[in-house]
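Report on the following structure.
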Amino acid sequence: MEYKVSLGPQHPALHEAVSLRMTLDGEVIRDADLKLGYSHRGIEKLAEERSYIQNIYLTERICGICSHSHTTCFTQGVEQLMELVPARRGLFIRTLIAELERVHSHLLWLGVAGQEAGFESFFMYTWRDREVVLDILEWISGNRVHYAMNIFGGVRRDIDELQRKKILDSLDLLKKRTDYYLNLAASEPTFVGRLAGVGKLSREDAIALCAVGPTLRASGIASDVRKDDPYAVYGEIPFEVATADSCDVLGRAVVRVKELISSYAMIEFLLKNLPEGPFKVKAPRKVKPNEVYSRYEAPRGENVHYIKSNGSDKPERLKVRAPTLANYPATIAMLKKGFIADIPLIFAAIDPCICCAERLVQLDDARRGDSRVLSFSQLRSMANERAKKIDFKKRKIAWPF
Amino acid sequence: MAILKPILYILVYPGLLFLMVYSTFCEWFDRKLYARMQNRIGPLHTGRAGILQPVADIIKLFAKEDIVPEQADKRMFSALPVFALAIVCTAALYLPVWHYSTAPSFNSFPGDLIVVVYLLSLPTLIFFLAGWHSTNYFSAIGGVRVLTMLFGYEIPLLLALLSPAVLAGSWRLVEIAVFYQNHPLLMLANVIGFVIAVICLQAKLERVPFDIPHAETEIVGGQFTEYSGKKLAFFRLLGDIEMVVGAGLIAAVFLGGFPGGLLPGLAWFIVKTLFIIFLLAALRAATSRIRIDQMISFSWRWLAPLAVLQLFIAIIIKGSAS
Amino acid sequence: MSLRIAPFLPELLRSLFKKPVTVKYPFEKEAVPKDFRGTVVFDPAKCIGCNICVNDCPAEAIDIIRVSETEKKFKMILHNDRCIHCAQCVDSCPTKTYHMDLEYETAAFSRWDLKIEYK
Ligand code: SF4
Ligand code: SF4
């Protein structure tokens, strides 16, 4: 017998509000759908009323985990608009923070995968060791989550010799632990049993559904903005794009662990080759009318900012496409073939950042064809009116079993 | 005087009072071990080293609002937790804690091993009913998973428990225990059975890797999704007591019971059950939850054949000894 | 890599005899690095009232108010409930009026308690 179950908007497996509508047949998923829009924050509209400098901090708050990704994407775009060449040392530090962020994000993901699979010890251990990289970030930038390192023309803080040494020391520990987790995750039968063969996404589907990031790379496609369209100093760093051919959740885990290992090598390279010189250059406040499309490889996949300037000190339009949004169609396709027990794992395997992907929904009056702007209080009274009309007593929902 | 002993038995030791106190202690022990294995502290503030934390949790649950779903069968919904608790407490009465001889007592008779196993499998049925009567999809899925899992672990568990009984030549817990006290070396013959029994007990208690029926990242709380307040507290207490009884059963059957009268027997009981709880905690910490189909295929591909093998070993040893 | 039985167990048992890493937070406090971005501190003697900080603050958490008609003297009201601790004001100010201290326990029961006035 088929029945419909909605996972979310509140559900222990989901850390943010999203609704997964499942049509189930026993333990098997027959159909899946996704409802978004529970946590829209109006960031794009807000950006139009903020100056470029203020917008750095606004874009930082699009996402808590890949906070550096969004600011870098935005800053790079605005630097292009300003026709500004950032300081070389600044670019190195920017890249360094980006890679440290990738390390912390991927370690976080490993823990989340463990937690979703019910492997709590794994979660505790990976998150314990993630503290090491968070401490490094706090040491460099002054904060654990929102580093606020980017400014037009470079970065805001320099790295001194002592910090350089400390990071290199901590890297050894991280490398050791990552190797241990790789071994552990690949040899614990219960964990491998949960990940292997789950959430299949074939190479063709991954391309057709426009997956990005580790989800795409785990389907055997070596696509990485850092390689394909190098920004910052990625053009100079030797690294391989990590891929896996198993097309399942295990493959996505493997890709992330491989990326962790290549990130450690990159961090080492960056610290060893850190050029001397200023770490930022002065930037103008106003920006000539133009538009730009900026790409960045966030830990979750390709991050895109479109910025349009109009000559003032505020952008005319900022469009943000977070990687999670690009991965939703692929997620639905993956969910359709699974069991109930696979739902949290498949969904977690894209490393969803739901709030980052929620964008404006404009309600047009379909008949008259015009749009309205509603204030918050208007929306509230509309909702209240609607709720009053529903007679909860009369609405008997029949229990099918 | 003759009536006093059964009353003490039911109310104090190993009856209600002891079970309540000791099971909360066991939960604390389990939680603390689990936390320390994960390099955490675990319960800390309530009582010395957090030892009263499980009690505090239960008191807190008793104080919480108790909600019954609108469409649920109210009486059934409320009666189930109490029934389940009563059944598990009854099972505890058959544990051979006060006996150091084979002298018959009111609660010891040939075949009480089977009665304990039977009583311990009843809560599973109640979990299913609880899930089914909650009128919630997650609960219903959880309830069905409870039953599906039952088919996986119940038979290996029974087979594993039978082989020491076969070797001892008795289906009476006291006699099995006394047999292994007299022939401690023969305990080694049942190692496979012991491992299987511990794994099956883990499945019965629905703990990782077998917490499939109430896997919270999949189906929220499974059969307990709609339960809150007092009723949930009953279910939690039930889980703790079931852990004690299950560990006690395995200790009685495989580890030579609890010899030496009242106090040494109590000491043995605590040592042996805590050892088994330690194994359960280590198993919980070292594994990830598996899927229901994996659980069933695991128990039929590995546990059941191994249990049969264990039974053969027992029969062969028995045959060569006599 | 092949599957093994309980590969995690040695590490778990080792942890059993190690000191837990948990920091008992409200009782034990971890030190923050010296560059930590805590609460904004304002030095009224240095401010020239150019209002750059007010314009650059992304959270609109700064009010600069002139206190006397004749002198160039200013006081600052920090709405610490809105401040996002980005330190842009520290960077923007031409006279280095601001610095950030190491205070991170700023929770309060009311957002009005978080308002700080520097005169
Ligand atoms: S730290 Fe940032 S948010 Fe806070 S007052 Fe300064 S500029 Fe404003
Ligand atoms: S930027 Fe500095 S000098 Fe100017 S108003 Fe702000 S605090 Fe005063």
Side-chain angles (χ1 to χ4, degrees), chain A residues 1 3-8 10-15 22 24 26-28 112-129 131 184-185 188-198 338-348 392-393 395-401, chain B residues 31 33-42 69-73 131-145 148 199 206-222 225 281-298 302:
Chain A
M1 190 188 113
Y3 56 100
K4 282 202 168 81
V5 173
S6 162
L7 270 76
Q10 266 105 42
H11 189 276
L14 306 168
H15 310 297
M22 298 289 159
L24 301 171
E27 289 270 332
V28 187
V112 170
Q115 196 244 343
E116 304 281 9
F119 199 175
E120 252 187 56
S121 308
F122 191 66
F123 162 69
M124 293 289 173
Y125 276 84
T126 43
W127 280 43
R128 180 193 73 187
D129 296 327
E131 286 301 307
L184 179 65
E188 168 60 44
T190 52
F191 197 47
V192 173
R194 279 309 292 283
L195 302 188
V198 167
F339 290 99
I340 300 177
D342 301 336
I343 297 171
L345 275 168
I346 294 174
F347 195 62
F392 287 103
K393 280 266 147 45
R395 217 169 55 155
K396 264 268 181 287
I397 304 150
W399 176 241
F401 298 128
Chain B
R31 273 165 75 172
L33 271 180
Y34 188 54
R36 288 305 298 272
M37 283 187 198
Q38 295 173 344
N39 218 343
R40 296 185 285 124
I41 297 180
E70 209 167 86
Q71 305 244 320
D73 182 339
W132 200 253
H133 281 281
S134 296
T135 57
N136 176 319
Y137 285 111
F138 294 126
S139 305
I141 298 170
V144 173
R145 283 180 176 193
T148 319
I199 293 176
E206 296 176 2
R207 286 147 53 98
V208 180
F210 306 111
D211 62 337
I212 308 164
H214 54 90
E216 66 162 25
T217 50
E218 296 159 21
I219 50 172
V220 195
T225 309
L283 183 58
R284 174 152 87 113
T287 48
S288 121
R289 183 192 313 125
I290 53 178
R291 264 197 325 258
I292 185 85
D293 57 318
Q294 289 167 337
M295 192 268 156
I296 299 296
S297 71
F298 168 72
W302 295 101

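To find a chain, count down the sequence lines: A is the first, B the second, and so on, and within it residues start at 1.
With a 4.5 angstrom heavy-atom cutoff, I343(A) does not touch chain B via any of its atoms. At a 4.5 Å heavy-atom cutoff, the contact between V220(B) and chain A is made by backbone and side-chain atoms alike. Looking at R128(A), only its side chain comes within 4.5 Å of chain B, counting heavy atoms on both sides. Only the side chain of D293(B) comes within contact range of chain A, with at least one heavy atom under 4.5 Å from a heavy atom of that chain. Only the side chain of V198(A) comes within less than 4.5 Å of a heavy atom of chain B; its backbone N, CA, C and O stay farther away. Using a 4.5 Å cut-off between heavy atoms, I212(B) makes no contact with chain A at all. Contact annotation for F138(B): only side-chain heavy atoms (C-beta onward) come within less than 4.5 Å of a heavy atom of chain A. For a residue to count as touching a neighbouring chain, one of its non-hydrogen atoms must lie under 4.5 Å from one of that chain's; by this rule Y125(A) touches chain B with the side chain only. Neither the backbone nor the side chain of A215(B) has a heavy atom closer than 4.5 Å to any heavy atom of chain A. Contact of E27(A) with chain B is made through the side chain alone, with heavy-atom distances under 4.5 Å.
The candidate from I292(B), I290(B), T148(B) with the greatest count of non-hydrogen atom pairs under 4.5 Å with chain A is I290(B). Ranked by heavy-atom pairs under 4.5 Å with chain B, the list K4(A), Q115(A), E120(A) is led by E120(A). Contacts with chain A were tallied for D211(B), T135(B), V144(B); T135(B) has the most, counting heavy-atom pairs under 4.5 Å. Residue with the most contacts toward chain A among I219(B), V208(B), N39(B): N39(B) (heavy-atom pairs, distance under 4.5 Å).
The aromatic rings of W127(A) and F123(A) are tilted relative to each other, their planes meeting at an angle between 30° and 60°.
If you run side-chain hydrogen bond (donor to acceptor under 3.5 Å, both in side chains) between S121(A) and each of Q38(B), R40(B), R284(B), only Q38(B) comes through.
A donor-acceptor pair under 3.5 Å links the side-chain atoms of Q294(B) to the main chain of R291(B), judged by distance alone.
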